[in-house]
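Just below is one structure, and these are the notes that go with it.
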Amino acid sequence: MTKNPDQSPCKILIKYTLMAIAKMENCMEYPFSAIEAKWQKIWQDRKIANAPDGGDKPKYYVLSMFPYPSGVLHIGHASNYSIGDAITRLKLMEGYNAMQPMGYDSFGMPAENYAIMHNSHPRITTEEHIANMRKQFDGMGFLLDWEREVSTCRPDYYHWGQYIFKKLYEDGLVYRKKSFQNWCEECNTVLANEQVEDGRCWRCGSEVEQKELEQWYFRITDFAEELLDFSDVVEWPERVMTMQKHWIGFSEGTRIEFPLEADGTLIPVFTTRPDTIYGVTFMALPPEHPLVQKWLAEEPENHALHDFCKKVINEDKVLRGSAETTKEGIFSGRYCINPLNKHKVQIWVTNYVLMDYGTGAVMAVPAHDQRDFEFARKYDIPIKVVIQNWEQNLVAEAMQEAYIEPGIMANSEHFDGIPSEDAKSKITAWIADNAWGEATKTYRLRDWGISRQRYWGNPIPIIHCPKCGIVLVPDEDLPVLLPDNVQVGKTTSNPLLSVPEWLNVKCPQCGEDARRETDTMDTFVDSSWYYARYADPKNDKLPFDPAKAKYWLPVDQYIGGIEHACMHLLYARFIYKFMRNMGWVEGNEPFARLLTQGMVLKDGAKMSKSKGNTVDPQYIIDRFGSDTLRVYLLFASPPEKDVEWNDDALMGAFRFLNRIHRLIEGNLDAIKQGLAFEADVDKLSSEMKGLLFSSHHCTKKWLDDSLQRMQYNTAIAAIMEHLNKCVAIKNPQSLNEDELAVYAEACGIIPQLLYPFAPHLAEELWQMMSFEGLLHESGLPGYEEKYLVQDTVTYVIQINGKLRGKMEVPSDMDTESLKAEALKVDNVARSLEGAEIKKIIVVPGKMVSIAAKL
RNA sequence: GCGAAAGUGGCGGAAUUGGCAGACGCGCUGGACUUAGGAUCCAGUAGGUUCACUCCUGUAGGGGUUCGAGUCCCCUCUUUCGCACCA
């Protein structure tokens, strides 16, 4: 074993002692710890984060998606909430009654699993985690209205989730259905379609199976059409709206019923291609189809059919949904009748038809649908061309692939010869006239399965009575409290079944023995209305007072990750529309503006414990201060982009704040003196005129970048530029009164500009310069147009688009003089020797462009 | 496969309406002060060419519109994201 001599304890001790002395001598770091603690206390004492429910000021509701209380703040939180805090402080300065609440998405499997692992109870571990996170939030100095805190696992919150469930139920928007479900064995619960990613569980990543279960559903599909309409959002990223539109997947077509040959039972199908209906050569059903299930029951001896259905349902879990999977099927031995031409149609059970889209049955037209074509070729099912291409040369036997383009109708009785595009509506009308079907709409969106077979969630307020059936728990018995003494851990059944004293109740209607529903709600139910609870978080009569909701809602600025585009954000919009129908809220959308912030990456990947690439924000706060962390995160890139973590760039942010502190503390006398004077602009040197211009120019850019564009990186860059100009004035103590006034103004605006991004230091400097009050009530910094007009302007001169010279001219010079002056510039004149000038274009304030034949 | 977004120095990024490409920061190079340095200050930093002035090239690649294109149009490539048998 070798020893590095530089690592000997003695050397290290000497090294660090020397460094410590050096630090004390040079005072190189501003005292961020003391400053941050000081201002956090003042903000709390003055309650500036606590927004009243009303008043003269217009309201502004800033909301960042609430976190799962993991117990520690990670960089992602710091980044996300720094954006929200910057917006909140900007809006306060702007004069709004700005409100920024915070809470915890505290139900759910991670909490349950964590408790199991630590041999504790989720209620205990969750509350511990919340206390710890609260401390860390305060350590960041965020202006959070803690009087509005909510935590979804507390009875005073989930009470109202149960209440909302009941109202949904009474409104016919809740139902129970037995069906095949996405089942995660690892999590021991079902998953909504949105929660399955590439056939895997969105949380734990294990393979999702299909399991037949009876489940509770919310009828989100009733709102499908309305959810496609985004006309009432003020500003959402196009990307999110597109993702939701695709997810909802609107499709217009025709519903047609094919009677079974045997007994006339009608099989409804949905098609977007009614023009191909005369080309139907078989019917394709999935094994889950009720008719198929019925035939299976009727024919226990039909082993081929049984085996096939079993195989498709059980074995093809992941692959079945994928387009690459080979199409397979088995002839059912039955036929149905095409109602239009009365032809007999074979019925096949296949693996490529989805039970839960459309009607769960497909009229197969192999000539004009690629999937049907492949299937027909494989099983020698006839192919019949009913739409001819423009060359009229399609022959079924010679086709290599389906012809899916429009064309001319053929083999379609009295529709022959017309363009297929026109035939769509004509055939649909013909179908409707004969009562075989009708025009209809279908959505890809499925109803929202909200049942979870887990303990740590909101109990569904339902009692199952042998006599009365499904009975809602009466309002006065709400909330159905989640019992504490539950056997958690790997159970094969629902954990709540293990608590008999909770499970067994009397039926509220007939008083007989009955049992509680043991499923709990998907945690997305909890988060689909929390933004409204913040408006009235302590209400014990209602989810919230509609009057308060009307004051605060919609959320003016919502901030969160893109990963919630098709889950949380869709569910929240759905529940909001329901609450609107109930008269609890106004308007159609819960979130007026949405900002999807990027992730903080390290080594190109999302930070995670398992990858071991995390950065602990607490360490950064302790060592450099939360102001540094905020400035770093906001400066690194525009808020919606991912940021790659960079230690060196963090130091840059720290240096920036130190430079500011040094500038103001070191020149405090000059600044204070200067604040008493007013500058006579005409007497200023060009250097000081430049500084005056910088103050106003920077403020203008800052206002535009931070308020209009929400580009905090460039707003901070503007402050840096201005700081460089201030620092360049080397001897402020020797300035005259006019110059001192300009200098003091230049330094004096910095705290306000800094406030949204580094609020602690900003307050400290503001106070240091003896300005009154706190910065959130200082108003927005202003600028004056007259100082943005400079005496001279630099014009660029181009010849045929190439830069050939520059000239400094009075800013009021007229166009003709500009042209003349430009031609006199040395390099321009030289370049134009012997050339023929064709045109001179003047762009006012910027450039003279000469088009010439050289 | 379909759909969307993006591609700019060594790096993060800027250029808001077609008008000086590379602001600002990081890193790097040189210098000052130094026992030391995650300190401070000064100078430089797209590539090529030149002693220098100049000039040439340059925003994934190719074409186009324009006095002028990172920005607008067409084609190609790459990356990221979303959807993926949706009848």
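For the numbers below, each heavy atom of this structure counts, side chains included, while hydrogens, waters and symmetry mates do not. All figures in this text were calculated on a predicted structure; none of them were measured in a lab. Letters go in sequence order (proteins before strands), and every chain restarts at 1.
Nucleotides rG62(B) and rC77(B) have their C1' atoms positioned 10 Å apart, rounded to a whole Å. Taking atom P in both rU54(B) and rG44(B), the straight-line distance is 16 Å, to the nearest Å. Taking the C1' atom of each, rG9(B) and rA15(B) are spaced 15 Å apart, rounded to whole Å. Across the P atoms, rC26(B) and rG18(B) are found 33 Å apart, a figure rounded to whole Å. Rounded to whole Å, the separation between the P atoms of rU40(B) and rG25(B) comes to 13 Å. Across the C1' atoms, rG70(B) and rA60(B) are found 12 Å apart, a figure rounded to whole Å. The C1' atoms of rG27(B) and rU34(B) are separated by 23 Å, rounded to the nearest whole Å. Atom P of rC55(B) sits at a distance of 30 Å from the matching atom of rG7(B), rounded to the whole Å.
Atom pair Tyr352(A):OH and rA87(B):C1' shows a separation of 8 Å (rounding to whole Å applied). Here the P atom of nucleotide rC83(B) and the CG atom of Leu354(A) are 15 Å apart, to the nearest Å. When rounded to the nearest whole Å, the span between CD of Gln244(A) and C1' of rC83(B) equals 14 Å. Separating the CD1 atom of Ile267(A) from the P atom of rA87(B) is a distance of 20 Å, rounded to the nearest angstrom. Separating the CZ atom of Phe757(A) from the C1' atom of rG25(B) is a distance of 15 Å, rounded to the nearest angstrom. Glu238(A) has its CD atom 11 Å from the P atom of rA6(B), to the nearest Å. The distance from atom CD1 of Ile797(A) to atom P of rG68(B) is 18 Å, rounded to the nearest whole Å. Ile799(A) places its CD1 atom 10 Å from the P atom of rC56(B), with the value rounded to the nearest Å.
The Ser251(A) side chain lies nearest to rA87(B) when the options are rC55(B), rA87(B), rC85(B). The His246(A) side chain lies nearest to rG3(B) when the options are rU54(B), rC67(B), rG3(B).
A side-chain donor-acceptor contact under 3.5 Å links Ser82(A) to the backbone of Ala78(A). Using modelled atom types, one side-chain atom of Thr359(A) and one backbone atom of Pro268(A) make a donor-acceptor pair closer than 3.5 Å. Listed for the Asn667(A) side chain is a donor-acceptor partner under 3.5 Å among the backbone atoms of Leu663(A).
Residue contacts shown for Phe624(A) include a base, since a base heavy atom lies under 4.0 Å away. The residue Asn827(A) sits close only to the backbone: its heavy atoms come under 4.0 Å of sugar-phosphate atoms, none of a base. At the heavy-atom level, Lys327(A) lies under 4.0 Å from base atoms of the strands shown. Contacts of Arg255(A) with the nucleic acid, taken as non-hydrogen atoms under 4.0 Å apart, are absent. Contact annotation for Gly249(A): no contact, since no heavy-atom pair falls under 4.0 Å across all strands. Among the atoms of the strands shown, only primed sugar atoms or phosphate atoms (P, OP1, OP2) are found under 4.0 Å from some heavy atom of Arg239(A). Within the nucleic acid shown, Val269(A) has no heavy atom closer than 4.0 Å to any nucleic acid atom.
The aromatic rings of Tyr632(A) and Trp645(A) sit perpendicular, their planes meeting at an angle over 60°, well past the 30° parallel limit. Between Tyr379(A) and Trp348(A), the two ring planes are tilted [angle within 30° to 60°]. Below 30°, between 30° and 60°, or above 60°: for Tyr357(A) and Phe270(A) the angle between ring planes is above 60°, a perpendicular geometry.
Comparing Thr242(A) and Thr272(A) by the nucleotide of RNA chain B that holds the closest heavy atom to each, the one mapping nearer the 5' end is Thr242(A). Between Asp356(A) and Asp648(A), the one whose closest nucleotide on RNA chain B sits nearer the 5' end is Asp648(A).
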Starting at the 5' end of nucleotides 46-52 of chain B, put B wherever the base has a protein heavy atom under 4.0 Å, S where only the sugar-phosphate does, and a dash everywhere else. -------
For nucleotides 7-23 of chain B, 5' to 3', base contacts (B), sugar-phosphate-only contacts (S) and non-contacts (-) with protein non-hydrogen atoms under 4.0 Å give -----BSSSB--BB--B
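Syn is the glycosidic conformation of rG9(B), whose angle stays within 90° of 0.
A salt bridge links Glu29(A) with Arg623(A); the closest basic N to acidic carboxylate O contact falls under 4.0 Å.
Looking only at atom types and distance, the side chain of Ser637(A) has no donor-acceptor partner in the side chain of Asn713(A) under 3.5 Å away. For Trp702(A) and Asp704(A), the side-chain atoms include no donor-acceptor pair closer than 3.5 Å. Side-chain polar atoms of Thr276(A) and His368(A) form no donor-acceptor pair below 3.5 angstrom.
The minimum heavy-atom distance between Asn338(A) and Ile277(A), with the atom names listed, is ND2-O, 3.0 Å. Taking all atoms of both residues into account, the shortest heavy-atom contact from Asn351(A) to Thr326(A) is ND2-O, 3.1 Å. Among all heavy-atom pairs drawn from Leu595(A) and Met710(A), the shortest one is CD1-CE, 3.6 Å.
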Review item, side-chain donor-acceptor pairs of residues 826-837 of chain A, under 3.5 Å, at least two apart:
unit_1    : atom_1 : unit_2    : atom_2 : d
Asn827(A) : OD1    : Arg830(A) : NH2    : 2.6
Asn827(A) : ND2    : Arg804(A) : O      : 2.9
Ser831(A) : OG     : Asn827(A) : O      : 2.8

Strand RNA chain B as a dot-bracket string - pairs counted if Watson-Crick or G-U with both distances under 3.5 Å, | where the partner lies in another strand: (((((((..(((......[....)))((((((.......))))))(((......)))..(((((..]....))))))))))))....
All N/O contacts under 3.5 Å from nucleotides 40-42 of chain B to the protein, with atom names and distances to one decimal?
unit_1  : atom_1 : unit_2    : atom_2 : d
rU40(B) : O3'    : Arg662(A) : NH2    : 3.4
rC41(B) : OP1    : Arg659(A) : NH1    : 3.2

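OP1 and OP2 of rC24(B) both lie 4.0 Å or more from every side-chain N or O belonging to Lys725(A). A sub-4.0 Å separation between OP1 or OP2 of rC56(B) and a side-chain N or O of Arg804(A) is present. For Asn724(A) and rG25(B), the shortest distance from a side-chain N or O to OP1 or OP2 is below 4.0 Å.
The ring of His696(A) has its center no closer than 6.0 angstrom to the ring center of Tyr783(A). With ring centers used as reference points, Phe624(A) lies 6.0 Å or more from Phe32(A).
Applying the ring-ring contact (aromatic ring centres under 6.0 Å, His included) criterion to Phe693(A), with sequence neighbours excluded, gives His697(A).
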